[in-house]
Structures are given as structure tokens and as C-alpha cells.
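Okay, so here's the structure we're looking at.
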Amino acid sequence: MYYVSEDEVRGLLSHALAFDAVRDVFASVAAGEAINFPVIREELGHANAVYGFKSGLDLRTKTLGLKSGGYWPGNEARGLTNHQSTVLLFDPDTGRPSALLGGNAMTAYRTAASSANSIAELARKDSKVLGIVGAGFQSRFQIEAAVRQRDFTRIVGYNFHAEMLPNLAKVAQDLGLPFDAVTPQQLAEQSDVIITITSSFEPQIMAEWIQPGTHIACMGTDTTGKQEIDAKIFGKACVFADQITQSITIGEAQHAHSQGLLAIEEITPIGAVINGDRPGRKRDDDITVFDGTGIGLQDLAVATVIQELAQKQGIGRRFD
Ligand code: NAD
């Protein structure tokens, strides 16, 4: 059994590593070679926390395991991250545990890698303006991963809590790109690519503001009831998802689907586009939407690569 601590994982992570691992596992899911097992998510009735398991198996990379963790809202006051997660990997041939890894930083990288893969596959090649809705913990990772995929020349941002906007300005500055805080309507009208990464329960971006040719990666909605964009956008977009069942139940598409604006057959798994089995964007003026609900296999895929890298570099430790 190999152990890689949270700090060691953070030191080994990169956006390139996460991008490749997530691309490969999306492809495995679409090819029917990887499955996500049903998610368990429970209110603990203690510390106001939500706790659960996400697990899966990828036969292509022989990855079996689970991510366990959740949300402890009181952690920040103790100097800890509210989201806590740990990854446990198993040998699929024997069922024996093979590795234990800190999963907090991995979650941010694998989530950013998901939207980045959607941008790589679906955004117009000439995309110049990146719009980001949301300025919380995940937003930095989202922007860093996105700018690796297209030659963006400007970032525009909106956040419901305006006092958090300096977070976005700082990321843009670190990346050497100009940043403007704008209204949600301006953001929708000016952006070639929009990433939404909030915990909103109300649409932030309305259908009538979206311009032809825009790619939208909806990354914040991962629970029943959350919503970031107007459900009507799905009615005029080509829709893609990391996993269709999650997309229509806990993802951004849940609202459009329940309102009869989007049928299951109208959603394409992003992995099928990566595999070359289904087309992505067909025309420059298509509006494309990617619903990135977050699947456990993304964590397991990144964890497997990190474990191999750690062992190769002599980072972490083995124990019985
Ligand atoms: P965070 O708590 O650091 O930031 C929350 C963000 O949501 C901030 O921008 C905040 O201003 C905004 N927000 C909060 N309440 C809002 C409201 N009522 N209306 C509009 N905006 C509001 O959270 P984070 O870690 O950055 O995560 C953001 C979202 O992404 C969460 O919903 C989280 O569950 C989700 N998430 C999804 C995945 C995935 O794989 N899809 C992975 C990790 C996190």
C-alpha cells in the first residue's frame, strides 16, 4: 500500500497531467470500458457536514477505487479547507488496497481538466475572450486550465458576491492577461467561452444574451436544485456532458430536462467526441454547452497517474 500525502500530491499535480488523465477516462466511459458506481451522499447530522463516496472502475487503465469525503462548513474557522476528500485505490485483480492519496487539490485540478477538455473539443479555434462566472476556490484552477486550450487575449468576470472579484483579477494578472469585471449580460455578449463555477440556485446567464458560436462549460451544478444558466439555452444549443445520467439528475441539464426542453438523446457524452465516434461542434455559429457534473472516475484517473509518478520519483511511502 502506497501513501501520498495531500502536500505531496499538490507538488506532483499539473494541469497537463490532469487534462490527459481526465481525457482518457472520459474516453473510457464513452467506450463502455469504465463505469461509475452509484454515488452515496449523506447529511451526517454532525458538524453540519455532508459526507459520501464516489467510486468506479476503468478497465482500460485497470483503475479501481473510491473518493471519500464531503463538505464541513466549520473547517475554514479552524484554518482548514471546507471540502475534504481522500482517494483509496485498489488492485482490480485482487481487491487489495494499493494506494491512499490526499484528494483535495486533485478535485480542483480534475474539475478544471473537465472544462478544459470541453474547451479543447468544442470551443471555436479562434476564441479570444474567456468569461468566468464565479470567483470562489475553484475559479483559479478553471481559468488556469482554460487558457492552456485557446489563445485567449482577455478575461471578463462576474460574481454574485462582488467583493470576491479581486480573486479573478489576481489570476488574470498572474497569467498576464487583461481582466474586466462586467455585468452578466456583458459577459455573455462578449465571451467566446464561458465557464460557470458557482453554487448558485438561480440562473446567472440568460438565453437571450448568448451569442452564436459561444461555448459554455457549466461546472458548478452538482446537486439537485442548483442552477447557473437559463434552461432555455439548452433548447438552442448542442449539448454535451461528462455523464448523461448525472447531467439530467444533478447536473445543469436537470432543469431543461425536467421542463421538456432537452431529451436524453440530445446529450452527447464528451468522451464520444474525444474518441471520434460523435461530432462535436459542427458549425462556427453553433452554441455548445458542456455539463460537467463531476464523476468519481476523474479523481481515480488522476490519482492513478499521481501514484505512479510519486513512486517513480520516490515521493510518498510504502507501508503494510
Ligand atoms: P466556493 O464556496 O469557494 O465559491 C462559491 C462561488 O459561488 C462563489 O463565486 C460565490 O460567490 C458563488 N455563489 C454562492 N452563492 C451564490 C448565489 N446564491 N448566487 C450566485 N452565486 C453564488 O466554491 P467552489 O469550491 O469554488 O465551488 C463552486 C461550485 O462548484 C460549487 O457549487 C461546488 O459544489 C461545485 N463543484 C463542482 C465540481 C464538478 O466536478 N462539477 C467540482 C468541485 C466543485
Side-chain angles (χ1 to χ4, degrees), residues 18-19 21-22 25-26 29 36 39 41 48-52 54 56 67 69-77 80-85 87 103-118 131-146 157-171 181 183-184 187 194-206 216-230 240-243 246-247 249-254 270 289-302:
F19 181 91
V22 168
V25 82
F26 282 167
V29 171
N36 283 290
V39 175
R41 194 176 154 89
N48 216 6
V50 183
Y51 172 73
K54 283 182 169 182
K67 176 168 96 162
Y71 189 73
W72 276 259
N75 274 6
E76 226 162 83
L80 299 168
T81 312
N82 288 354
H83 287 276
Q84 289 291 329
S85 57
V87 175
N104 294 350
M106 242 187 294
T107 303
Y109 276 83
R110 66 77 144 146
T111 306
S114 175
S115 57
N117 266 286
S118 84
I132 176 109
V133 181
F137 180 76
Q138 305 293 333
S139 58
R140 164 176 284 275
F141 300 92
Q142 289 290 323
I143 297 171
E144 286 173 354
Y158 165 75
N159 194 49
F160 181 76
H161 300 103
E163 68 277 11
M164 294 169 80
L165 282 166
N167 296 346
L168 300 180
K170 175 75 173 62
V171 184
T183 66
L187 185 140
I194 299 172
I195 299 174
T196 59
I197 183 76
T198 72
S199 39
S200 172
F201 282 79
E202 303 286 338
Q204 309 286 295
I205 299 289
M206 304 314 290
I216 312 170
C218 300
M219 304 305 299
T221 298
D222 52 5
T223 311
T224 312
K226 281 187 186 173
Q227 186 171 12
E228 299 191 289
I229 65 170
D230 186 350
F240 303 81
D242 49 7
Q243 202 198 30
Q246 284 198 183
S247 171
T249 50
I250 58 168
E252 188 63 31
Q254 61 181 285
I270 188 77
V289 173
F290 172 66
D291 190 1
T293 61
I295 56 175
L297 278 168
Q298 286 170 244
D299 300 282
L300 305 184
V302 175

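Numbering of ligands and ligand atoms starts at 1, following listing order. Values in this document were obtained by computation on a predicted structure and should not be read as measured data. Heavy atoms only: backbone and side chains are in, while hydrogens, waters and symmetry mates are out.
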With distance as the sole criterion, is a donor-acceptor pair present between the side chains of Gln142 and Ser115 under 3.5 Å?
->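 Yes.
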Any residue meeting salt bridge (Lys or Arg N to Asp or Glu O under 4.0 Å) with Lys54, in chain and number order, not counting sequence neighbours = none
With sequence neighbours excluded, residues passing salt bridge (Lys or Arg N to Asp or Glu O under 4.0 Å) with Asp299 =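 Scan of Asp299 (salt bridge (Lys or Arg N to Asp or Glu O under 4.0 Å), adjacent residues dropped) gives Lys67, Arg110.
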Ring pair (Phe, Tyr, Trp, His ring centres under 6.0 Å) partners for Tyr71, two or more places apart |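 Partners of Tyr71 under the ring pair (Phe, Tyr, Trp, His ring centres under 6.0 Å) test: His83.
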Roughly how far, to the nearest 0.5 Å, is the OG atom of Ser139 from the CD1 atom of Ile195?
-> 10.0 Å
If you count only heavy atoms, which residues are under 4.0 Å from ligand 1?
->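 Contacting ligand 1 under 4.0 Å are Arg110, Thr111, Gly134, Ala135, Gly136, Phe137, Gln138, Asn159, Phe160, His161, Met164, Ile197, Thr198, Ser199, Ser200, Gln204, Met219, Gly220, Asp222, Lys226, Gly292, Thr293, Gly294.
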Shortest non-hydrogen contact from Leu168 toward Gly134 |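 Smallest heavy-atom distance, with atoms named: CD2-O, 3.5 Å.
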